[in-house]
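Taking it in order: structure first as structure tokens, then the write-up.
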Amino acid sequence: MTVTFTREFMLERMFAGDAAFDGLFYTGVTSTGIYCLPSCRARKPLAGNVVFHPCAASARAAGLRACRRCQPDAFQAGVPVEEATFTAALARVDVPGVGSVQALARALNLSGSALHRLFREQFQCRPADWLTRRRVELAAARLLSSADTAAQVAFAVGFGSLSAFGAQFRRVMHLTPQALRAAARAGTLRLTLPAAYPLELVRRDLGRDPLGVTGLVGEDGVSFAWTLPGGPQVVTVQFEGREVRVQPARPEALSGPDWLTLHALAERALGLRGLSRPVPLVPEFFDGLVWAVVGQQVTFRQACTLRRRLVDRCGLPAGDGLRAPPTAQAVAALTPAELGSLGLTGARAALLRRLAGRVSRGELDLAALARGTVGAARRTLLAVPGIGPWTAEYVLLRVLGFPDIVPATDAALAAALRRAHGRPARPTPAEVQRLLDPFAPHRSHAVLRLWHALPIPDPPGDTP
């Protein structure tokens, strides 16, 4: 590739900060060793220190590095510059060293209003919630891997007092730091449900496949087959008033990482991952992809049948007649013919093998997508051949756990909205979006209620 403009013209457009030429050429600055977009708002270099490149790869080959302010690599990859700049700056933040949301704004060189807007748009949460969860996650891992006291852990992860640490830990983890540490000795986790927890909705969602081979719903709880770092286990989740008891069948076999994973799986299954309106998630990430693929353009009953066949074929026995959901490695080992024999179409079998291969090779990190921006997750999913808008939005909502997702092309959602509003015909995708807009920033919860044909609470007055 070569630059097709004259040097004088490119200098003129660079000094004008003309975004119309972003991506048509790149500005290399020999005095600083960086390369930028023409529209970069950083202080303009001297003309004598500027060299022009036709693409980012050419600039890198010349030994230059990408500008952190205008993010030319992200621009070339189709990532909005504001998103790339914000997430790159956030990745450099020392979470334990940031004492407050105000300090986070200062560390990112943002105003308070800009910080809240960016978190709402990119992560669909409040900056305070993001900061608290990151600290609590660090604390939980440290509690189970060290002999430090609770006070030492609290101050090490950035809390200013033991009372604040205890309150925020309970809010995020639904148990006290001491209870988490004691779980291994007691052989059980006891989680406290938040006020106004929608137990009816959650129980209905957990029992949506009455013939499930990975979980059985009983009168007071559910038995799950989950894969922990140490192997598959049957885990009983028992509802006891405002408490939930999470009981592994063989607690003596669990290590610290097993207990953290067990807590995370229970948190996802019960919809306790978010700090506001609960949305139960598919507990295991790859199993969520399986649900998304088998659910393409079929009824929910048909999707359940296809998934049960896959679990019977390569799910791991966990005990009590239950099998843990198949791992990505197990599915990747199946041939197209073997997947076809389960009832999957050629296109769905190819997509499932493609996803299994990417996950097993570490090319598709679902946990990382869940921690990143909604835009990055959506772009990553849509870039996989065979994934369209419905599949991507389903994964964003039921697998990655973003709280403000509307799968506008979902037929069941449109049918539920038609009934709820007494319409003569199903709303179009644009109308579905408009009808659910008043429930932002908790539209995922509203969608879940509509799927289960339950009344939706009044639109929230709070905005993250």
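From a predicted model like this one, the values you see are computed outputs, not experimental measurements.
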Hey, mind stepping through Phe224 and Leu216 against side-chain contact (heavy atoms from CB on, under 4.5 Å) and telling me if it holds?
-> CA-CA 7 Å; Phe224 292 103; Leu216 292 175; over 6 Å; no
Is a donor on one side and an acceptor on the other found under 3.5 Å between the side chain of [X] and the backbone of [Y]?
X      : Y      : answer
Thr85  : Glu82  : no
Ser58  : Pro54  : no
Arg423 : Arg418 : no
Ser444 : Asp404 : yes
Arg277 : His445 : no
Glu393 : Trp390 : no
Arg268 : Arg273 : no
Arg204 : His452 : yes
Ser360 : Gly357 : yes
Gln433 : Ala408 : no

Aromatic ring proximity, centroids under 6.0 angstrom, Phe86 and Phe119 | yes
With a 6.0 Å cut-off on ring centres, are Phe169 and Phe159 close enough?
->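 Not under 6.0 Å, so no.
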Exceeds 12 heavy-atom contacts within 6.0 angstrom, atom [atom1] of [X]:
X      : atom1 : answer
Arg301 : CZ    : no
Arg68  : CZ    : no
Asp94  : CG    : yes

Heavy-atom check, side chain of [X] versus side chain of [Y], under 4.5 Å:
X      : Y      : answer
Val213 : Leu322 : no
Leu435 : Pro427 : yes
Trp259 : Leu189 : yes
Leu382 : Arg378 : yes
Thr27  : Leu37  : no
Cys314 : Val331 : yes
Val374 : Ile405 : yes
Glu121 : His116 : no

Quick one: does NZ or CZ of Arg208 land under 6.0 Å from the six-membered ring centre of Trp291, within 45 degrees of the ring axis?
->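 Yes, Arg208 and Trp291 form such a contact.
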Between [atom1] on residue [X] and [atom2] on residue [Y], distance to nearest 0.5 Å:
X      : Y      : atom1 : atom2 : value
Thr236 : Arg245 : OG1   : CZ    : 7.5 Å
Asp287 : Trp226 : CG    : CH2   : 11.5 Å
Leu381 : Leu355 : CG    : CG    : 8.5 Å
Leu339 : Leu310 : CG    : CG    : 7.0 Å
Phe239 : Leu193 : CZ    : CG    : 7.0 Å
Met14  : Cys40  : CE    : SG    : 10.0 Å

Does the side-chain contact (heavy atoms from CB on, under 4.5 Å) test come out yes or no for Leu342 and Leu306, once each step is laid out?
-> CA-CA 7 Å; Leu342 302 178; Leu306 292 171; 5.6 Å; no
Go through Trp451 and Asp205 one step at a time and tell me if the side-chain hydrogen bond (donor to acceptor under 3.5 Å, both in side chains) criterion holds.
-> CA-CA 9 Å; Trp451 274 338; Asp205 193 71; over 6 Å; no
Under a 4.0 Å threshold between the charged nitrogen and the carboxylate oxygen, would [Y] count as salt-bridged to [X]?
X      : Y      : value
Arg379 : Glu83  : yes
Glu338 : Arg353 : no
Arg133 : Glu267 : yes

Passes side-chain hydrogen bond (donor to acceptor under 3.5 Å, both in side chains), Thr391 versus Gln296? Steps please.
-> CA-CA 7 Å; Thr391 306; Gln296 289 180 334; 2.8 Å; yes
Could you check Cys70, Pro38, Pro72 and say which one makes a side chain to side chain contact (heavy atoms under 4.5 Å, CB included) with Asp22?
->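 It is Pro38; the other options fail the test.
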How close do [X] and [Y] get, heavy atom to heavy atom, and via which atoms?
X      : Y      : result
Leu413 : Pro407 : CD2-O, 3.6 Å
Ala318 : Pro232 : CB-CB, 4.1 Å
Arg323 : Val311 : NE-O, 3.3 Å
Pro325 : Arg307 : CG-NH2, 4.1 Å
Cys125 : Trp130 : SG-CB, 4.0 Å
Leu270 : Tyr197 : O-OH, 2.7 Å

Working for salt bridge (charged side-chain N to carboxylate O under 4.0 Å, His left out), residues Glu240 and Arg190 = CA-CA 10 Å; Glu240 300 173 349; Arg190 285 189 175 274; 2.9 Å; yes
Take Arg371 and Glu137 through the test side-chain contact (heavy atoms from CB on, under 4.5 Å) and record every step on the way to the result.
-> CA-CA 12 Å; Arg371 294 170 66 88; Glu137 288 173 343; 2.9 Å; yes
Applying side-chain contact (heavy atoms from CB on, under 4.5 Å), run through Val399 and Phe285 and close with a yes or a no.
-> CA-CA 6 Å; Val399 185; Phe285 282 110; 4.0 Å; yes
Quick one: do Tyr35 and Asp73 satisfy side-chain hydrogen bond (donor to acceptor under 3.5 Å, both in side chains)? Show the steps, please.
-> CA-CA 10 Å; Tyr35 61 96; Asp73 290 351; 2.5 Å; yes
Give the intermediate values and the outcome of ring pair (Phe, Tyr, Trp, His ring centres under 6.0 Å) for residues Phe5 and Phe21.
-> CA-CA 11 Å; Phe5 305 106; Phe21 288 86; 5.5 Å; yes
Passes side-chain hydrogen bond (donor to acceptor under 3.5 Å, both in side chains), Thr299 versus Gln302? Steps please.
-> CA-CA 5 Å; Thr299 66; Gln302 290 172 314; 3.2 Å; yes
